[in-house]
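Values below: all heavy atoms of this structure, side chains included; hydrogens, waters and symmetry mates excluded. Note that this is a predicted model, so its numbers are computed, not measured. Numbers for residues simply follow the sequence, beginning at 1.
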Amino acid sequence: QVQLVESGGGLVQPGGSLRLSCAASGIIFSMYAMKWYRQAPGKQRELVAGIGQSGSTNYADSVKGRFTISRDNAKNLVYLQMNSLKPEDTAVYYCNGRYRANDYWGQGTQVTVSS
């Protein structure tokens, strides 16, 4: 019943923008801290951005000033607006929701930044 489904990935040129979305179902969305992670081939999965119940946000140093995480609790959606994309941003991006003992992951969406 619980699902996190990412969308919005694709191929974009360096300097371009993408907006990722994550649709949640089967959870009380507003209770969950939501995060975006990414994993590039041969690399560790890393936290990109997070947003808490209160709307507080945090970002990896590598994306500060370029990425913005937001949430719409009425729609059970979390977004990642990615601007000024770099080839180093190429990765599979995963949506994560966590509340107490509950920890859920989406299937991931591929973002490729290449000229």
Side-chain angles (χ1 to χ4, degrees):
Q1 186 174 347
V2 176
Q3 275 196 310
L4 301 178
V5 181
E6 302 95 334
S7 61
L11 175 64
V12 65
Q13 294 183 3
S17 297
L18 283 174
R19 190 191 197 194
L20 305 183
S21 298
C22 173
S25 60
I27 64 172
I28 309 298
F29 180 78
S30 62
M31 300 297 293
Y32 279 69
M34 302 300 298
K35 297 177 181 179
W36 288 97
Y37 288 79
R38 68 186 181 188
Q39 187 166 28
K43 306 287 187 179
Q44 293 184 356
R45 185 171 297 189
E46 65 174 345
L47 176 66
V48 177
I51 185 166
Q53 289 182 345
S54 66
S56 62
T57 59
N58 60 90
Y59 299 92
D61 288 342
S62 59
V63 307
K64 283 181 180 176
R66 300 189 297 121
F67 290 10
T68 303
I69 188 171
S70 61
R71 67 192 298 161
D72 185 340
N73 287 344
K75 297 180 179 180
N76 285 15
L77 290 172
V78 61
Y79 305 100
L80 185 67
Q81 178 66 47
M82 305 185 295
N83 299 326
S84 302
L85 283 161
K86 304 174 180 180
E88 308 94 270
D89 297 318
T90 296
V92 177
Y93 284 71
Y94 296 92
C95 179
N96 168 258
R98 191 171 186 178
Y99 177 67
R100 295 186 174 181
N102 302 299
D103 192 15
Y104 300 109
W105 292 86
Q107 80 290 342
T109 186
Q110 177 71 49
V111 172
T112 302
V113 185
S114 176
S115 59

Which value, rounded to the nearest 0.5 Å, describes the distance between [X] atom [atom1] and [Y] atom [atom2]?
X: Q39; Y: E46; atom1: CD; atom2: CD; result: 9.5 Å
X: L77; Y: L20; atom1: CG; atom2: CG; result: 12.5 Å
X: N58; Y: K35; atom1: CG; atom2: NZ; result: 6.5 Å
X: F67; Y: S17; atom1: CZ; atom2: OG; result: 9.5 Å
X: Y99; Y: F29; atom1: OH; atom2: CZ; result: 14.5 Å
X: R98; Y: I27; atom1: CZ; atom2: CD1; result: 13.5 Å

**Request:** Flag yes if more than 12 heavy atoms outside Q3 fall under 6.0 Å of its CD atom; otherwise flag no.
**Result:**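 No.
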
**Asked** Should K86 and D89 count as an ion pair when the cut-off is N to O under 4.0 Å?
**Response**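 D89 and K86: not salt-bridged.
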
Is there a side-chain contact between [X] and [Y] (heavy atoms, below 4.5 Å)?
X: L11; Y: S114; value: yes
X: M34; Y: L4; value: yes
X: Y32; Y: I51; value: no

**Item:** Shortest non-hydrogen contact between L18 and G8, atoms and distance
**Value:**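 Between these two residues, the closest heavy atoms are CD2-O, 3.7 Å.
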
**Request:** Establish whether V5 and V2 are linked, either directly or via other cluster members, by ILVMFWY side-chain heavy-atom contacts under 4.5 Å.
**Result:**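 In one cluster with V5: V2, no.
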
**Asked** Are L85 and Y79 grouped together when hydrophobic residues (ILVMFWY) are joined by side-chain heavy atoms under 4.5 angstrom apart?
**Response**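 No, L85 does not connect to Y79 through the hydrophobic network.
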
**Request:** Could you list who else is in W105's hydrophobic cluster, with ILVMFWY side chains joined at under 4.5 Å, directly or through other members?
**Result:**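 So far as hydrophobic clustering goes, W105 is joined with Y37, L47, V92, Y94.
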
Can a donor-acceptor pair be found, under 3.5 Å and without considering hydrogens, that links the side chain of [X] to the backbone of [Y]?
X: E6; Y: C95; answer: yes
X: N96; Y: Y104; answer: yes
X: Q53; Y: M31; answer: yes
X: R71; Y: G52; answer: yes

**R38 and its side chain to side chain contact (heavy atoms under 4.5 Å, CB included) partner, picked from V111, L80, V48, T90** =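 With R38 as partner, side chain to side chain contact (heavy atoms under 4.5 Å, CB included) holds for just one option, V48.
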
**Item:** Cation over ring face, R66 and Y59, 6.0 Å, 45°
**Value:**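 No, a cation-pi geometry is absent between R66 and Y59.
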
